[in-house]
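In what follows, a structure is listed as structure tokens, so that the remarks can point back to it.
We're numbering straight along the sequence, starting at 1. The structure presented is a predicted model; accordingly, all values stated were derived computationally and were not measured.
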Amino acid sequence: MNSTKPPLHLYVADSSGTYGEEQMPENRFSAIGDALEAADRLSPVPESIAAELVEGKRYPSPEYDVQPVVIHIGEGIYREKLVISRPNVTFLGEDRERTVIVFGHGANEIEEDGEKRGTFRTASVRVDAPDFTAKHVTFQNDAGFGHTVGQAIALYVDGDRCFFEDCALLASQDTLFTAPLPLDPVKPNGKGPGEHKPRIRGRHLFYRCFLQGDVDFIFGSGTAYFEECTVFSKMPGDRRPPESPEEEAIYGYVTAASTHPGFPYGYVLHRCKLTGDCPKGTVYLGRPWKEYAKTVFIECELGEHIHPLGWHDWGKTHGNFYYGEYASTGPGASPETRAPFSHQLTEEEAREYTMDRVLEGWKPLGIGL
């Protein structure tokens with residue numbers, strides 16, 4: 001971000017702490033939502049910028065000259081459902097393990113109108129603006145297992161240049177959604193933020209993060225780069241999935257991209273470690289939520305829970321989606337048994353997936369890459 005204004009620093013502590021006690025009382029809060037409201041009161045976003053963001057985003061996003069806001073979040077469990085709708089916001093936690101933002105909405109819950117909540121209204125935290133950063137924070141949805149409660153998003157990222165360092169994302173089915181939504185026609189009375197807005201690409205970077213889930217727990221249409229992350233496939237615990245063939249049990253799919261046809265990149269996982277507590281050979285690297293899904297794993301370590309085929313086609317047309325691997329290691333690396341529609345990349349092909357190329361030159365400051 002290139003704002004000309006100095007950052008506004010706000011401090012949050014739960015009822016057990018006094019984080020930021022040396023700061024002025026008006027800059028200290030017991031809830032993150034209160035701090036976000038104070039930011040809008042103390043440093044309002046110019047009306048023209050706010051109106052533009054409400055109307056719909058642009059790609060690449062302009063670097064809005066909006067005062068940066070840094071919310072320092074002390075150790076604690078913050079049961080809040082949050083939406084970040086202003087640019088240039090940073091969440092700075094004290095410790096990833098002990099600074100936790102959690103809520104518990106599931107897609108199968110019935111709302112007051114008698115209809116199910118739906119996937120995209122479950123997010124514990126939704127980022128709806130560009131240039132958001134989070135460090136040393138856990139985002140969690142604790143609604144329960146997907147088979148029981150439906151999809152339950154921990155983090156919904158809808159904005160360009162969003163950066164997450166040393167964060168944890170914890171849920172079951174659909175842990176992380178990287179917007180935009182797919183290009184399907186809008187459904188009547190469709191539920192979900194952004195459903196009636198243009199589908200605009202965003203770039204998202206996850207650096208040394210921990211992501212946990214079971215079914216399709218990294219999903220969406222955005223361009224996301226995962227650098228040195230740990231990806232944990234959690235045993236669902238409440239069932240043998242109904243989609244499993246009789247002769248084998250499948251307990252999860254790490255990714256379910258819905259990359260738009262015009263987007264050059266979908267998901268790239270570089271030097272990540274895939275682990276979990278699922279049985280051997282019961283988790284796929286990915287399946288295509290939509291026809292043109294793109295996902296590539298570069299120099300990743302794969303645990304024995306990864307299925308020998310690696311990839312599932314989910315009944316989609318072969319030749320539209322693209323799945324690739326380069327130099328996978330570990331007991332789950334099995335190039336000779338991979339699905340025939342997937343690709344084992346050459347060294348030259350793998351060079352196409354550098355962070356600089358995938359994120360088109362954007363790199364957050366201070367990550368040393």
State which residues pass side-chain hydrogen bond (donor to acceptor under 3.5 Å, both in side chains) with [X]; sequence neighbours excluded, sorted by chain then number.
X      : result
Asp160 : Arg203
Ser258 : Ser221
Asp34  : none
Glu109 : Arg117

For [X], what residues pass the side-chain contact (heavy atoms from CB on, under 4.5 Å) criterion, not counting sequence neighbours?
X      : value
Ser48  : Pro46
Ala293 : Ala257, Pro288, Phe321, Tyr323
Ala333 : Ser328
Lys116 : Asn108, Ile110

Looking at [Y], is its backbone amide N or carbonyl O close enough to the side chain of [X] to form a donor-acceptor pair, meaning the two atoms are under 3.5 Å apart?
X      : Y      : value
Asn27  : Leu10  : no
Lys290 : Leu183 : no
His343 : Leu345 : no
Ser172 : Gly146 : yes
Thr175 : Leu169 : no
Lys81  : Ala123 : yes
Ser124 : Val102 : no
Thr122 : Thr119 : yes

The criterion is salt bridge (Lys or Arg N to Asp or Glu O under 4.0 Å); which residues satisfy it with Arg351, sequence neighbours excluded? Glu347
Give, for atom [atom1] of [X] and atom [atom2] of [Y], the distance between the pair rounded to the nearest 0.5 Å.
X      : Y      : atom1 : atom2 : answer
Gln151 : Arg121 : CD    : CZ    : 14.5 Å
Cys272 : Ile298 : SG    : CD1   : 10.5 Å
Gln140 : Leu155 : CD    : CG    : 12.5 Å
Phe217 : Thr255 : CZ    : OG1   : 9.0 Å
Ile218 : Thr178 : CD1   : OG1   : 9.0 Å
Ser85  : Asp158 : OG    : CG    : 12.0 Å

Salt bridge or not for [X] and [Y], using N-O below 4.0 Å?
X      : Y      : value
Lys316 : Glu291 : no
Asp65  : Lys5   : yes
Glu165 : Lys135 : yes
Arg86  : Asp40  : yes
Arg208 : Glu227 : no
Asp166 : Arg96  : yes
Glu360 : Arg161 : no

Same hydrophobic cluster for [X] and [Y], using side-chain heavy-atom links shorter than 4.5 Å among ILVMFWY?
X      : Y      : value
Leu82  : Ile77  : no
Val83  : Val157 : no
Val100 : Ile32  : no
Phe210 : Leu274 : no
Phe232 : Phe139 : no

Between Phe206 and His204, is the gap from one ring center to the other below 6.0 Å? no
With the side chain counted from C-beta on, respond yes when [X] and [Y] share a heavy-atom pair under 4.5 Å apart, and no when they do not.
X      : Y      : answer
Pro180 : His260 : yes
Glu325 : Val296 : no
His307 : Ile250 : yes
Thr90  : Val69  : no
Lys57  : Pro198 : no

Applying salt bridge (charged side-chain N to carboxylate O under 4.0 Å, His left out) to Lys234 and Asp277, what does each step give before you reach the verdict? CA-CA 6 Å; Lys234 180 68 176 172; Asp277 60 3; 3.2 Å; yes
On a heavy-atom basis, the closest approach of His105 and Ala152 is O-CB, 3.6 Å
Would Tyr11 and Arg28 satisfy side-chain hydrogen bond (donor to acceptor under 3.5 Å, both in side chains), going step by step from the backbone distance to the final call? CA-CA 5 Å; Tyr11 296 80; Arg28 302 199 307 264; over 6 Å; no
Please evaluate residues Arg287 and Asp313 with respect to the criterion salt bridge (charged side-chain N to carboxylate O under 4.0 Å, His left out), reporting the C-alpha separation (whole Å), side-chain torsions for both, the decisive distance (0.1 Å), and the verdict. CA-CA 6 Å; Arg287 61 179 180 175; Asp313 65 9; over 6 Å; no
Joining Ile, Leu, Val, Met, Phe, Trp and Tyr whenever any side-chain heavy atoms lie under 4.5 Å apart, the cluster holding Phe219 also takes in Phe120, Ile153, Tyr156, Phe177, Leu181, Trp289, Trp314
I need the single residue from Tyr353, Phe226, Tyr284, Trp311 that forms a ring-ring contact (aromatic ring centres under 6.0 Å, His included) with Phe297. Which is it? Trp311
Taking everything shown except Glu336 itself, do over 12 heavy atoms lie less than 6.0 Å from its CD? yes
Working note: His136 + Glu94, criterion side-chain contact (heavy atoms from CB on, under 4.5 Å); need CA distance, chi angles, decisive distance, verdict. CA-CA 6 Å; His136 320 309; Glu94 275 198 276; over 6 Å; no
Strictly by salt bridge (charged side-chain N to carboxylate O under 4.0 Å, His left out), give each pair with a member in residues 263-275 just once, sequence neighbours left out. Arg271-Glu299
With sequence neighbours left out, which residue pairs that include part of residues 77-101 fulfil the ring pair (Phe, Tyr, Trp, His ring centres under 6.0 Å) condition? Phe91-Phe132
side-chain contact (heavy atoms from CB on, under 4.5 Å) between Glu301 and Thr275: does it pass, once the steps are laid out? CA-CA 8 Å; Glu301 180 183 343; Thr275 185; over 6 Å; no
